[in-house]
Peer 1: 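Have a look at the structure that comes next, please.
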Protein chains: 2
Amino acid sequence: MATMQEVADRAGVSIATVSFLLNDTKPVAAATRARIEQAMADLGYRRNVVARALASRRTHIIAMAYPALEHKFGTSTAEFFTSAAEAAREDDYHLVLWPVGNDGVELRELLGQGLVDGVVLMEVQLDDARVGVLRETGTPFAMIGRTTELEGLTHVDIDFDTTVADAVAHLYDLGHRQLVLVSGDLDDPRFHAYGPWVRIGDAYRRIAAEHRLEIVVVECSDTTRAGHEAAAQIVRDHPGTTAVLVMNEFAALGVTAGLQRLGRDVPGDLSVLPLLMVPETAAMSNPELTIMRTPGPELGRLGTQSLIRHLEGAAPLPPQLVPAKLVPGESVGRPRSASAEGIGGR
Amino acid sequence: MATMQEVADRAGVSIATVSFLLNDTKPVAAATRARIEQAMADLGYRRNVVARALASRRTHIIAMAYPALEHKFGTSTAEFFTSAAEAAREDDYHLVLWPVGNDGVELRELLGQGLVDGVVLMEVQLDDARVGVLRETGTPFAMIGRTTELEGLTHVDIDFDTTVADAVAHLYDLGHRQLVLVSGDLDDPRFHAYGPWVRIGDAYRRIAAEHRLEIVVVECSDTTRAGHEAAAQIVRDHPGTTAVLVMNEFAALGVTAGLQRLGRDVPGDLSVLPLLMVPETAAMSNPELTIMRTPGPELGRLGTQSLIRHLEGAAPLPPQLVPAKLVPGESVGRPRSASAEGIGGR
DNA sequence: CTGAAAGCGCTTACAG
DNA sequence: CTGAAAGCGCTTACAG
């Protein structure tokens with residue numbers, strides 16, 4: 001690998017001038033610029049990022065901290081990561097995925113090594129130990145998600161209110177009046193303070209009340225098997241249900257299959273609408289699920305860009321909330337009662 | 001952050017001695033050691049990995065190159081990554097995930113920056129452009145998977161022969177005599193030279209012949225939807241089939257659901273046995289699938305360890321092939337014909 | 001617009 | 001067993 005000194009020698013300039021050109025940090029005369037660029041091309045020069053990092057005290061590496069123990073890493077998460085990595089690359093940063101625990105211990109360990117300029121925090125808890133670690137060490141960070149205390153914290157998140165409102169409105173407009181929310185299992189220690197589960201539950205209670213709907217919430221863990229059980233519970237305890245909203249994507253697959261196993265047609269007897277899912281997972285179900293599509297690509301990108309602005313001292317982006325959007329599939333239809341009674345118009 | 005110089009000052013030694021102790025690279029007197037360790041503890045010292053990297057010309061960072069465009073990143077892949085990251089950490093390395101294209105262009109770009117000591121290659125093609133790039137740049141690497149040309153290349157892979165042999169034997173012993181392999185779509189440019197698809201196909205043809213079974217192969221892409229179509233094709237063109245082996249995990253979900261949609265009971269009418277799947281995905285199906293479990297955790301670890309030995313100049317690990325192992329679920333049973341005719345013993 | 005030089009925080013021959 | 005010093009390949013005041 002050629003070094004900057006070799007480029008400078010070949011171009012007949014000093015190493016400083018090469019650096020100025022490369023970083024666009026001081027003006028360089030056109031003729032000089034041409035000679036340097038020629039020399040770089042001739043030598044196939046690529047700047048050594050390690051040396052740059054040491055000299056500038058900026059590694060240009062961003063870590064995406066993902067609690068792989070507590071949360072499955074699936075297609076949904078991959079979307080966040082891939083879009084974040086892409087956004088980082090566009091701004092001359094590397095984004096690396098760090099599987100670190102929720103408690104902040106590993107994170108502190110890693111931060112001490114000075115490898116990263118900043119951290120994108122995934123799967124944020126309402127009161128997140130990692131935030132404390134990041135603040136103590138003075139590490140810039142952005143959250144994809146939100147703690148309860150937010151003052152001064154850079155973040156982006158799903159707009160749960162709009163997501164739930166749109167989902168409920170869609171079902172309501174089709175004529176559904178008896179909904180069930182399959183919510184998270186808040187007894188599970190991984191989730192009792194997990195933002196999305198809490199916020200979706202809160203939003204649902206409020207919005208269902210606005211529509212004067214009876215509020216029925218079934219708790220359910222984040223597995224297909226748990227979804228089966230939730231389906232059984234719905235059929236047994238809430239036989240009049242015409243539509244089911246499901247928070248977790250794995251549970252949603254289970255609810256659908258579970259309803260079918262119990263002889264219910266989806267969407268003939270019951271509609272199923274997952275609140276946070278990606279098309280790939282929706283396609284795993286039969287019928288293919290109608291979903292509120294997780295805005296992973298947008299949020300991965302926005303979160304990373306927010307952090308980078310922070311790192312570069314630019315004016316911070318305002319916190320952004322992005323709703324999941326309805327993507328039609330085959331699991332939502334009009335309720336039988338509506339077709340019979342003519343509710344829902346059109 | 002404390003620096004090594006500060007530690008040295010506090011312990012009353014030279015910076016070199018601290019370094020020798022930290023790297024265990026020269027003997028240090030017990031008393032000196034105690035003083036240094038005390039100083040490090042007092043200051044909460046953590047070695048700066050960037051400075052270490054520049055001085056030693058070793059970053060201790062390993063990149064896992066994953067072609068995110070060409071291959072979905074799902075739960076299966078996450079297993080490889082997580083176990084590889086864990087193995088790396090145990091040996092004092094960082095493993096970072098790099099989404100880079102199959103053609104080697106991005107890889108070359110990234111390697112030039114000098115950020116990584118070595119690369120773990122995922123989703124290897126039979127003739128992989130990335131291997132050329134790695135060789136040209138002199139970058140140490142290990143493959144999880146195999147090119148056709150293998151001389152001198154560090155690699156680990158799935159033992160497709162044993163996997164297919166065990167799967168076929170299991171079905172054969174249960175009494176199945178009419179099998180179908182749902183194979184990859186080799187017309188798909190992403191896959192026509194993709195090792196696993198080619199090798200499983202080859203192994204199946206050989207092993208089925210050994211069992212004197214008729215060889216039926218249905219091509220199918222890597223989506224649930226494609227699996228539905230494969231199911232239809234099986235029912236239509238191969239009505240006597242009693243068991244289906246499926247290469248791709250998404251396709252396997254689709255085959256199962258597709259058979260059910262066509263009124264077939266799984267496993268009553270047909271058994272379904274995916275050849276490469278993780279339990280999480282198997283649980284998404286109803287009934288839960290019996291699978292050959294992808295040895296992701298073993299291979300991620302072995303591949304990383306092979307690379308690290310290479311990096312440290314230790315005797316190389318021999319190439320290792322690890323078979324997928326049968327994990328019982330509810331999608332494989334005896335064929336109706338066997339129960340009727342008493343084939344299959346016991 | 002360009003250059004000489006200090007310095008980032010370590011590792012590593014070399015010397016003792 | 002320990003230390004003085006060069007050097008890794010850059011960036012960045014400072015000076016001109």
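Naming convention: chains lettered A, B, ... in sequence-line order (proteins, then strands); numbering from 1 in each chain.
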Peer 1: Rounding to an integer number of Å, can you tell me how far A:Arg57 CZ sits from D:dT11 P?
Peer 2: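 Going from CZ in A:Arg57 over to P in D:dT11 covers 12 Å.
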
Peer 1: Are any of B:Arg47's side-chain N or O atoms less than 4.0 Å away from OP1 or OP2 of C:dT11?
Peer 2: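 The answer is yes; a side-chain N or O of B:Arg47 sits under 4.0 Å from OP1 or OP2.
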
Peer 1: Please report the distance, rounded to the nearest Å, between CD1 in A:Ile15 and C1' in C:dC8.
Peer 2: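 A:Ile15 atom CD1 is separated from C:dC8 atom C1' by 14 Å.
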
Peer 1: C:dT11 phosphate, OP1 or OP2: any side-chain N/O from B:Asn23 under 4.0 angstrom?
Peer 2: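 Yes, within the criterion.
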
Peer 1: With nearest nucleotide decided by heavy atoms, which residue, B:Thr32 or B:Ser56, maps closer to the 5′ end of DNA chain D?
Peer 2: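 Nearer the 5' end of the strand: B:Thr32.
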
Peer 1: Can you tell me the distance, in whole Å, between the CG atom of A:Leu54 and the P atom of D:dG9?
Peer 2: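 Between P of D:dG9 and CG of A:Leu54: 12 Å.
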
Peer 1: Looking at B:Thr17, I'd like to know whether one of its side-chain N or O atoms comes within less than 4.0 Å of OP1 or OP2 on D:dG3.
Peer 2: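 So the side chain of B:Thr17 is within the cut-off, an N or O lying under 4.0 Å from OP1 or OP2 of D:dG3.
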
Peer 1: How long is the line joining CG of A:Asp9 and C1' of D:dG9, in whole Å?
Peer 2: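 So the CG-C1' distance, A:Asp9 to D:dG9, works out to 13 Å.
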
Peer 1: Among C:dA13, C:dC1, D:dA13, which nucleotide has an atom closest to any side-chain atom of B:Phe20?
Peer 2: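 Closest nucleotide among those given: C:dA13.
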
Peer 1: Counting heavy atoms from C-beta on, name the nucleotide in C:dA13, D:dG9, D:dT11 closest to the side chain of A:Met4.
Peer 2: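 Of the options given, the side chain of A:Met4 lies nearest D:dT11.
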
Peer 1: Could you state the CG-P distance from A:Asp24 to D:dT12, rounded to the nearest angstrom?
Peer 2: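 In whole Å, D:dT12 P and A:Asp24 CG are 13 Å from each other.
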
Peer 1: Return the value, rounded to whole Å, for the distance between atom CG of A:Leu43 and atom P of D:dC10.
Peer 2: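 One finds 12 Å between P of D:dC10 and CG of A:Leu43, rounded.
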
Peer 1: Output yes when at least one side-chain N/O atom of A:Ser14 is less than 4.0 Å from OP1 or OP2 of C:dG3, else no.
Peer 2: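 So the side-chain polar atoms of A:Ser14 do come within 4.0 Å of the phosphate oxygens OP1 or OP2 of C:dG3, strictly under.
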
Peer 1: Look at the aromatic rings of B:His71 and B:Tyr194 and report parallel, tilted or perpendicular, splitting at 30° and 60°.
Peer 2: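 Answer is tilted, since the angle falls between 30° and 60°.
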
Peer 1: State whether the number of non-hydrogen atoms from other residues, nucleotides or ligands found under 6.0 Å of A:Asp24 atom CG is greater than 12.
Peer 2: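 12 or below, so no.
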
Peer 1: Could you check B:Ala53 against A:Val28 and say which one's nearest nucleotide on DNA chain C is further toward the 5' end?
Peer 2: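 Between the two, 5'-proximity favours A:Val28.
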
Peer 1: Whole-Å distance between D:dG9 C1' and B:Leu115 CG?
Peer 2: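 Computing the B:Leu115:CG to D:dG9:C1' distance gives 14 Å.
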
Peer 1: OP1 or OP2 of D:dC10 less than 4.0 angstrom from a side-chain nitrogen or oxygen of A:Tyr45, does that happen here?
Peer 2: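 For D:dC10, OP1 or OP2 has a side-chain N or O of A:Tyr45 closer than 4.0 Å.
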
Peer 1: Assess whether a salt bridge exists between B:Glu123 and B:Arg130, defined as any Lys/Arg side-chain N lying under 4.0 Å from an Asp/Glu carboxylate O.
Peer 2: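 Answer for the salt bridge query: no.
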
Peer 1: In the structure I gave you, are the side-chain heavy atoms of B:Val322 and B:Val156 within less than 4.5 Å of one another anywhere?
Peer 2: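 The answer is no, as the side chains (C-beta and beyond) never meet within the 4.5 Å cut-off.
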
Peer 1: Counting side-chain heavy atoms from CB outward, which of D:dG3, D:dC8, D:dA15 is closest to B:Ala55?
Peer 2: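 Taking heavy atoms from C-beta onward, the closest nucleotide is D:dC8.
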
Peer 1: Give a yes or no on whether a salt bridge exists between A:Glu106 and B:Arg89, defined as a side-chain N under 4.0 angstrom from a carboxylate O.
Peer 2: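 Salt bridge: yes.
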
Peer 1: Round to a whole Å and report the spacing from NZ of B:Lys26 to P of C:dC14.
Peer 2: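 For the pair B:Lys26 NZ and C:dC14 P, the rounded distance is 10 Å.
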
Peer 1: Side chain of B:Thr3: nearest nucleotide among D:dC10, C:dG9, C:dG3?
Peer 2: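 So the nucleotide nearest the side chain must be C:dG9.
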
Peer 1: I'd like to know if the side chain of A:Arg309 reaches the main chain of A:Ala314, judged simply by a donor and an acceptor atom lying under 3.5 Å from each other, with no hydrogens or angles considered.
Peer 2: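 Looks like no, no N/O pair under 3.5 Å.
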
Peer 1: Compare the minimum distances between each of D:dC10, C:dG3, D:dA4 and the side chain of A:Asn48, then state the nucleotide with the smallest one.
Peer 2: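 Ranking D:dC10, C:dG3, D:dA4 by closest atom to the A:Asn48 side chain puts D:dC10 first.
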
Peer 1: Represent DNA chain C in dot-bracket notation, 5' to 3'. Only Watson-Crick or G-U wobble pairs with both distances under 3.5 Å count; pseudoknot-style crossings use [ ] and interstrand partners use |.
Peer 2: |||.||||||||.|||

Peer 1: Can you name the closest pair of heavy atoms from A:Thr294 and A:Glu79 and give their distance?
Peer 2: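 What the structure gives for the nearest pair is O-OE1, 4.1 Å.
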
Peer 1: Which nucleotide wins on minimum distance to the side chain of B:Ala16, given the candidates C:dG9, D:dT2, D:dA4?
Peer 2: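 Nearest nucleotide to the side chain: D:dA4.
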
Peer 1: NA contact type, B:Val13, heavy-atom cut-off 4.0 Å: base, sugar-phosphate, or nothing?
Peer 2: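 Counting heavy atoms under 4.0 Å across all strands, the contact made by B:Val13 is with sugar-phosphate only.
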
Peer 1: Return the orientation label for the B:His60 and B:Tyr93 ring planes: parallel under 30°, perpendicular over 60°, tilted otherwise.
Peer 2: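 Because their plane-to-plane angle is under 30°, the rings of B:His60 and B:Tyr93 count as parallel.
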
